[in-house]
K.L.:
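Okay, here's the structure, questions in a sec.
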Amino acid sequence: TLLDVVIDNDLDIAGFGACEGTMACSTCHLILPKDFYNKLPCPPSDEEQDILDMAFGLTDTSRLGCQVY
Ligand code: FES
């Protein structure tokens with residue numbers, strides 16, 4: 001996932017991925033470019049969408065970084 005990329009590369013993004021991918025925090029909220037978003041193999045699951053609905057600045061191309069492969 002994109003969260004794994006952040007962790008594996010020791011990227012210092014304050015608070016990113018606080019729940020370690022258990023879909024409990026929305027700190028991995030990403031706003032993706034539309035062309036990238038449209039290339040993802042599947043839309044957000046209902047569970048992911050529920051967490052996204054609590055994210056600050058939600059957009060039509062928002063995803064959770066811990067759910068994007
Ligand atoms: Fe918490 Fe993605 S890391 S929802």
Side-chain angles (χ1 to χ4, degrees):
T1 66
L2 293 178
L3 176 59
D4 294 322
V5 172
V6 170
I7 293 169
D8 292 348
N9 291 284
D10 284 329
L11 301 178
D12 187 16
I13 304 173
F16 191 88
C19 77
E20 300 178 349
T22 60
M23 278 204 282
C25 71
S26 81
T27 61
C28 64
H29 173 214
L30 301 172
I31 298 172
L32 303 173
K34 188 139 189 103
D35 58 335
F36 183 85
Y37 182 92
N38 289 336
K39 289 179 185 171
L40 295 176
C42 55
S45 65
D46 289 344
E47 186 178 8
E48 181 182 353
Q49 192 60 57
D50 287 346
I51 299 299
L52 281 169
D53 287 342
M54 296 186 288
F56 176 77
L58 182 67
T59 75
D60 289 344
T61 61
S62 289
R63 293 294 304 262
L64 295 179
C66 66
Q67 302 303 306
V68 174
Y69 291 86

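Nothing fancy with the numbering, it's 1 onward along the sequence. Both counts, for ligands and for their atoms, begin at 1 and track the order of listing.
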K.L.:
Atom 1 (Fe) of ligand 1 and Cys19: any N/O/S contact shorter than 2.8 Å?
P.N.:
yes
K.L.:
Could you give the distance from OG1 (Thr59) to CG (Leu32), rounded to the nearest 0.5 Å?
P.N.:
8.0 Å
K.L.:
Take Val68 and Tyr37 through the test side-chain contact (heavy atoms from CB on, under 4.5 Å) and record every step on the way to the result.
P.N.:
CA-CA 10 Å; Val68 174; Tyr37 182 92; over 6 Å; no
K.L.:
For ligand 1, which atoms sit closer than 4.0 Å to a heavy atom of Met23?
P.N.:
4 (S)
K.L.:
Run the numbers on Phe56 and His29 for side-chain contact (heavy atoms from CB on, under 4.5 Å), then give the verdict.
P.N.:
CA-CA 8 Å; Phe56 176 77; His29 173 214; 5.7 Å; no
K.L.:
Relative to the heavy atoms of Gly17, which atoms of ligand 1 are at a distance of less than 4.0 Å?
P.N.:
3 (S)
K.L.:
State whether Cys25 contributes an N/O/S atom found under 2.8 Å from atom 1 (Fe) of ligand 1.
P.N.:
yes
K.L.:
Backbone N or O of Ala18 within a donor-acceptor pair of the Thr27 side chain at under 3.5 Å?
P.N.:
yes
K.L.:
Can you see which heavy atom on Ser62 is nearest to which on Gly57, and at what distance?
P.N.:
OG-O, 4.3 Å
K.L.:
Number the atoms of ligand 1 from 1 as they appear, then name those within less than 4.0 Å of a heavy atom of Gly21, with their elements.
P.N.:
3 (S)
K.L.:
List ligand 1 atoms under 4.0 Å from Cys28, heavy atoms only on the residue side.
P.N.:
2 (Fe), 3 (S), 4 (S)
